[in-house]
Every structure is written in C-alpha cells, then in structure tokens.
Amino acid sequence: MSGLLATGVIAGAGPATADDGVQHQGGAVATLDGLKTYDRAVLHTNGKNHEIPAGVFEMTVDGGGRLKTYCIDINNPTQDQAKYLETPWNQTSLGGNKDAGKIRWILQHSYPQVDDLAALAKDAGTGPLSERTAAAGTQVAIWRYSDNAEVDALDPEAEKLADWLQKSAQDVEEPKASLSLEPNAVSGKAGGRLGPVTVRTDAGQVTVTPPADAAASGIKITDAAGKPVTSAANGSQLYFDVPAGAADGSATLSTQATTSVPVGRAFAGVTKSQTQILAGSSESTVSANATATWAKAGAIPAVSAKKNCAKGGVDITATNKGDAPFTFELAGLGHSIPAGESKTVTIPVAEDQAYDFTITGPDGFKKNFKGVLDCKTTGTPAPGTDTPSSQPSPASAGGTSSGPEGDLAETGGSSATPMIAGIAIALVVIGGGAVFFLRRKKTAGAAE
C-alpha cells in the first residue's frame, strides 16, 4: 500500500484490554470490583443535600494482584466491571489540578496506608475510627481537593479525620509509573539495531519477551552491545536487532514484572467511568509493550499516541527513520517529516468523547488508537436538578446501596459510550471539529 491514512470506524465501546489498540504507556491493567469499605457522606449541591457512600474501591489486576483506590471524580458514575489502566496524571483531571500533590499526601498518611487506626485517630485528634469511618473520612478529604466538592462525612469522627487531612496536606510529587517503555515505538532500516527503548520501573527485575515469531524471523531483543536479553531493570536499554535480509515489517516486544504499584498512581477507565487514584497495592502484574518498524528504503515511520489534556486532544507522534521525507496532511494542513526527524500533531477530541481510529501504511504498517478523553471532573449537577437514585454518582460509587457491606459498583448509566464515526478515509472527531487524513505522498523512485 502506498498511502498512509487514518480511517474512522463505527464501533461500540465494549470491554477492552491494553493490547487491543487502547493507548497505554504501561503499568497495571485492572477490573473494577466495586466499593468495598465505606461509610456515608453528605454532598451539598445547588442548595440540596445528597447522602452518598464514601470509601475504598477494590480492583483485580490482570495477571494477578489487587488494588485499593479512591474516587477522584465525584459526579461521574462507574461502569460495572469497568477496565482501568494505570495512567499518568497529565492524562487525567489531576494534570490541571494544582492540589493533585496534596491528594497523594492524604493517601500516604491515612487509611489504608496507615492501618493502625488508633495511631491515625491520635494523630488526627479524633475519637475511635473503624475501617469504614477511616475510609469515609479519607475519601471526603480527597473529594475536597479532586472535585472542589462541598462534602462532609456523616460520622463525626470521620468528619474530624477529613478536616485534619485537608488542613495537613502538603504538596507531594507524582509517583513514577510501575513500568513503562520510552519510547514505545521505534523505526529504522533492516540490518541494524533499532532503539533504544528505555525501561522505567520500580520493580527489581523485568522479564523481556521477544516477538512471537522471533525464531522464524531472526529478530532478537538485545542490549547496546548486541547481546540477547531476557530480563531488564530500571534504566536498561533494549534494542530490536533486525537481520539485513528481513522483509519490511514490524514486531513488538513485551515486558512484565511483579511489583507493588506506587500509591498515588491514577487509574483511568477504558470506557467512560469515574477516574480513580491508587491507595494501596498488593504485589501485582504490570506490563508494557514497544513496537519496531523497519524497511530497506523510503520513509520508515514509527507512530505513537497519547492523550493531551492540556490541549484537549490526542497527540500523534510520527518519527521518520527512513531516507525519504514522510509527508501527511492533518486538518487541511500539510506536514512533512524529513528523514531522521520527528513531529507531533494534536487531534482535537471533545471532553468525555470516545475515539477509535486506525493508521495504516506501506508494507502492512498498521496502528490502532482508541480511548476516552476524560480530562476533567464532571462537575456538580445543573441547578434545579437532583441526582436520581438509579444514577447515584455524585456518590462516586456509581450504584445504589443496600447496606454498608453492599457492592456499589453498579453502572448508573449505559456502557455503550458513543464512538467516532468515520467515512471513507476521513476521521471526524465529534465535538472537536477536526476532519483529517494522513497519507504518504509519492516520492521520486517510490513504488506505488
């Protein structure tokens, strides 16, 4: 194929994993199990009071492990059994929140990180605390910073804890990813080592798995000296060693580790579901992938994507390691990447909008990117409206309660999130007003 183009698709936003086109910079992938340890709080909105549950959610990690999280998007419902991805702060509402570091401080100094409740009560100057009231007080303090919510814990001791946490909180820096690969896409000519791909992790050791067809293709994953590697550590540099006779193509390496995910890491839903922040982690499976593309001649693109909350869209980064310019059009504007250079363009996407598009190119090159742009908290309900019992998410839990031990992870809304509708070779980003296509223009001597 001689053209590089992005085609929109009509699709439903069903369950997804990190390897089916959903953008993920690496780390844990988990499924929401529900709100497990909680008490009650009162949310004050539009002159009305809403009694809501407040506390700790639990998630099951793909590959093994358990997570405990708090909500940082009080008015957005959860989706039942929603899939979540470990996500940098700048790709969530935390990126634009000046108090994000204070939320991490609260997590570090309260339940469940502090599980000696007598000591916590003494530090906070409260009466006796239970797991439920400690969880409720912690969640209330977080909401005051994550959503600027006017919310109080119903239990007097939980309210004292919330007040102490709010007043004591200090700015703490964002934790690093449990595992990521930088960059996660490289390219170059066959007959050499493509990279480097740098491992970033807090795990002691990372398992490195070569491409599935490595034995047949001759492709190896090596260090800078060309020695094959099967394990790595933080700072390790990995390379794709591609034989000189390899046909033009691409391959993916996988990395995996078992580690405790750092407290304060954000978790964003693959579909529209309230954003969470990590309060505690067992030893859990974390993973990250990187892809290499190679060719003998011409433009050789490496394409990656990530959400850009600051600009309200998705950044598409294309790097050209070939010997001919890589030229494309975006939103009516032409862009040309000379050999050996890189360029990033931002595709506007509306807040809360799901998107799904595929970039295809020469010699079977294909990359799919999908996700939901969820960069802001939902905000308070409109004046004069109530939150109906079937839509309980100012309750964060996203469900109705049958008692303090109930599972509140009901959907509170449809999981059929609208997706982008594409026509021919155009991608129309609803609400963003952008229509674009990418194509590789014919260069002198290039085959059609």
Worked verdict on Asp352 versus Leu373 for side chain to side chain contact (heavy atoms under 4.5 Å, CB included): CA-CA 5 Å; Asp352 295 334; Leu373 194 72; over 6 Å; no

Check the pair Arg193, Phe240 against side chain to side chain contact (heavy atoms under 4.5 Å, CB included), reporting the backbone distance first and the verdict last. CA-CA 5 Å; Arg193 287 189 292 274; Phe240 292 81; over 6 Å; no

Could you give me the CA-CA distance, side-chain angles and deciding distance for Arg104 and Glu173, then say whether salt bridge (charged side-chain N to carboxylate O under 4.0 Å, His left out) is met? CA-CA 8 Å; Arg104 190 185 182 202; Glu173 67 179 8; 5.5 Å; no

Is there a salt bridge (charged side-chain N to carboxylate O under 4.0 Å, His left out) between Asp171 and Lys98 once you walk through the steps? CA-CA 9 Å; Asp171 191 41; Lys98 63 181 178 60; over 6 Å; no

Evaluate Thr31 against Tyr84 for side chain to side chain donor-acceptor pair (under 3.5 Å), listing each step before the verdict. CA-CA 6 Å; Thr31 301; Tyr84 278 80; over 6 Å; no

How far apart are the C-alpha atoms of Ser273 and Gln79, what are their side-chain angles, what is the distance that settles it, and do they pass the side chain to side chain donor-acceptor pair (under 3.5 Å) test? CA-CA 5 Å; Ser273 188; Gln79 301 293 316; 5.6 Å; no

After noting the C-alpha distance and the side-chain angles of Thr209 and Leu253, does the key distance pass the side chain to side chain contact (heavy atoms under 4.5 Å, CB included) rule? CA-CA 6 Å; Thr209 303; Leu253 71 83; over 6 Å; no

Please evaluate residues Thr377 and Asp73 with respect to the criterion side chain to side chain donor-acceptor pair (under 3.5 Å), reporting the C-alpha separation (whole Å), side-chain torsions for both, the decisive distance (0.1 Å), and the verdict. CA-CA 5 Å; Thr377 56; Asp73 192 0; 4.9 Å; no

Trp294 vs Ile219, test: side chain to side chain contact (heavy atoms under 4.5 Å, CB included). Steps then yes/no. CA-CA 11 Å; Trp294 61 87; Ile219 296 166; 3.1 Å; yes

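A donor-acceptor contact shorter than 3.5 Å links the side chain of Asp116 to the backbone of Ala119. For the pair Asn46 (side chain) and Lys48 (backbone), a donor-acceptor distance under 3.5 Å is absent. Checked by atom type and distance alone, the side chain of Ser282 never pairs as donor or acceptor with a backbone atom of Ser284 at under 3.5 Å. At distances below 3.5 Å, not a single donor-acceptor pair connects side-chain atoms of Lys83 with backbone N or O atoms of Leu32. In terms of modelled atom types and a separation under 3.5 Å, the side chain of Gln113 and the main chain of Ala279 share a donor-acceptor contact. For Glu351 (side chain) and Cys375 (main-chain N/O), a donor-acceptor pair under 3.5 Å exists by modelled atom type.
Ile142 has its side chain within reach of Ser146: a pair of non-hydrogen atoms, C-beta onward, lies under 4.5 Å apart. Side-chain contact between Tyr239 and Val229 is absent, with no heavy-atom pair separated by less than 4.5 Å. Under the 4.5 Å side-chain criterion, counting only non-hydrogen atoms from C-beta, Val56 is in contact with Tyr70. In this structure, Ile277 and Phe267 have side chains that are not in contact, with every pair of non-hydrogen atoms separated by 4.5 Å or more. Using a 4.5 Å cut-off on side-chain heavy atoms (C-beta onward), Val42 and Leu154 make contact. Counting heavy atoms from C-beta outward, Arg144 and Val140 have side chains that approach closer than 4.5 Å. Asp39 is not listed as a side-chain neighbour of Glu157, based on a closest heavy-atom distance of 4.5 Å or more. With contacts defined as side-chain heavy-atom distances shorter than 4.5 Å, the pair Val261/Val286 qualifies.
One finds the CD atom of Gln237 at 11.0 Å from the OG1 atom of Thr222 (value rounded to the nearest 0.5 Å). Rounded to the nearest 0.5 Å, atoms CD1 (Ile103) and CD (Gln166) are 11.0 Å apart. The structure places OH of Tyr38 at 13.5 Å from CD of Gln139, a figure rounded to the nearest 0.5 Å. Rounded to the nearest 0.5 Å, atoms CD1 (Ile221) and CG (Asp241) are 8.5 Å apart. Between the CD1 atom of Ile300 and the CG atom of Asn320 there is a distance of 7.5 Å, given to the nearest 0.5 Å. We find the CG-CD1 distance between Asp147 and Ile72 to be 8.0 Å, quoted to the nearest 0.5 Å.
Residues passing the side chain to side chain donor-acceptor pair (under 3.5 Å) test with Thr319, sequence neighbours excluded: Ser342. Residues meeting the side chain to side chain donor-acceptor pair (under 3.5 Å) test with Tyr111, sequence neighbours left out: none. Every ring pair (Phe, Tyr, Trp, His ring centres under 6.0 Å) that Trp105 has, sequence neighbours left out, goes to His109. Scored by the side chain to side chain donor-acceptor pair (under 3.5 Å) test, Ser254 finds Asn289 as partners (sequence neighbours excluded). Checked against side chain to side chain donor-acceptor pair (under 3.5 Å), Trp164 has the following partners two or more places apart in sequence or in another chain: Ser168.
A side-chain donor-acceptor contact under 3.5 Å links Thr346 and Asp315. No side-chain donor from either of Thr207 and Ser231 sits under 3.5 Å from a side-chain acceptor of the other. Side-chain contact check for Thr60 and Asp33: at least one donor-acceptor pair (N or O, by modelled atom type) lies under 3.5 Å. No hydrogens or angles considered: a donor-acceptor pair under 3.5 Å links the side chains of Gln274 and Gln276. Side-chain atoms of Ser250 and Thr293 form no donor-acceptor pair, as typed in the model, at a separation below 3.5 Å.
Contact detail for Ala292 and Leu194: the closest heavy-atom pair is CB-CD1, 4.2 Å. Nearest heavy-atom pair across Asp152 and His44 is OD2-NE2, 2.7 Å. Here the shortest heavy-atom pairing between Thr285 and Gly63 reads OG1-O, 2.9 Å. When all heavy atoms are compared, the tightest approach of Ala233 to Thr201 is C-CG2, 4.3 Å. Scanning both residues, Ser130 and Leu117, for their nearest heavy atoms gives C-CD1, 3.5 Å. Nearest approach of Ala318 to Ile337, heavy atoms of both residues: O-CD1, 3.3 Å.
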Residues 176-186, side-chain donor-acceptor partners within the protein, below 3.5 Å, at least two apart:
| residue | atom | partner | partner atom | Å |
| --- | --- | --- | --- | --- |
| Ser178 | OG | Glu86 | OE1 | 2.7 |
| Ser178 | OG | Glu86 | OE2 | 3.3 |
| Glu182 | OE1 | Arg200 | NE | 3.4 |

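No salt bridge links Arg40 with Asp155; every basic N to acidic carboxylate O contact stays at or beyond 4.0 Å. Using a 4.0 Å cut-off between a side-chain N of Lys or Arg and a carboxylate O of Asp or Glu, Asp356 and Lys370 qualify as a salt bridge.
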